[in-house]
Amino acid sequence: MKATRFAPSPNGRLHIGHAYAALCAHDFARSFGGHFQLRIEDIDGTRSRPEHIAAIIEDMDWLGLHHDGEVVFQSQRVNHYAAALEKLRDMGLLYRCWCTRSEIAGALKSKPVRHGPDGPVYPGTCRGVERDSPHCWRLDMAAAMERIGPVTWTDLQAGLQHADPQLFGDVVLWRKDAPASYHLAATLDDAAGGISHVVRGKDLFAYTSVHRVLQELLGLPEPVYWHHGLLLDTKGDKLAKSRLSEPLAAYRERGIDGAELIEQLRRGELPLGISNGSA
Ligand code: GLU
């Protein structure tokens, strides 16, 4: 059975960019009679809000993008993430990190800085260090790569990709202030949900390298990826940062029909001031 998923984080209201992402994943699944899963990425208890979860479910219903099966909540799957973390720890691929954001910023000032897609790359300060206070867990990326060798993945639009996880360095897999990181949780959930096709925005393209490494280390299946273009405002900014990112609820309050909005997006008709950055 083939399957896709839409995996919003409930730390804000969905906007039209989310509707487009949900539409891409939904229609892709429907095109081959597959399963469309709704996954709520509520792992970050400090930023996730129950009212946003309720609004996501309401918005999806209003848009007429109906998911199959139960909604998956990451907050209910923490024991699975912990088990995978233990496995990686037993493989000797993790180390504890005590650095605060400001310590990392300080360390970066005293060394030449390597910048990745997420900004400065962690310089490895805590590798081989022991202390007794709250810490996160980082993946020793060089050791992980040595273990698995070169990794590739396939994007339906961009073709065969050679993973470059060192772009992100020693990523955090378990956070100090919240359980598993996005990378660990999303990778495990995609495998557990039988997600054969990961359909998501191009803003997450580079992260796939990290996800492929985790799949190889944990013996998980390799999905096919499609990173679709993002809707942008007239300045070319992602909607999340833009004043045009008004919540879908505002469209609803103006009396707009959600299913009709989705039909317009399907036809490539975008609301005023919004463009499709995939071109
Ligand atoms: N939760 C992520 C977001 O809202 C999406 C994660 C994914 O699709 O892999 O941007």
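Remember, predicted model here, so these are calculated numbers, not experimental data. Whatever order the structure lists ligands and atoms in, that order sets their numbers, starting from 1.
At the top of the distance list for atom 5 (C) of ligand 1, counting protein heavy atoms only, stands A7 O, 3.3 Å.
Contact annotation: for L204 versus ligand 1, heavy atoms closer than 4.0 Å belong to the side chain alone.
Under the 4.5 Å side-chain criterion, counting only non-hydrogen atoms from C-beta, N276 is in contact with Y20.
Using a distance-only test at 3.5 Å, with no hydrogens or angles considered, a donor-acceptor pair links the side chain of S196 to the main chain of A3. With hydrogens and angles ignored, the 3.5 Å screen pairs a side-chain donor or acceptor of E103 with a backbone N or O of T100.
Of the candidates Y182, Y207, Y225, the one placing a heavy atom closest to atom 6 (C) of ligand 1 is Y182.
No hydrogens or angles considered: nothing links the side chains of D44 and Y182 as a donor-acceptor pair under 3.5 Å.
Shown in contact with R5 at under 4.0 Å from a heavy atom are these atoms of ligand 1, numbered in order with element: 7 (C), 8 (O), 9 (O). Of all the atoms in ligand 1, the ones that sit under 4.0 Å from a non-hydrogen atom of S9 are 1 (N), 2 (C), 3 (C), 4 (O).
Cation-pi geometry between R212 and W153 is not met: the NZ or CZ atom fails to fall both under 6.0 Å from the ring centre and inside 45° of the normal.
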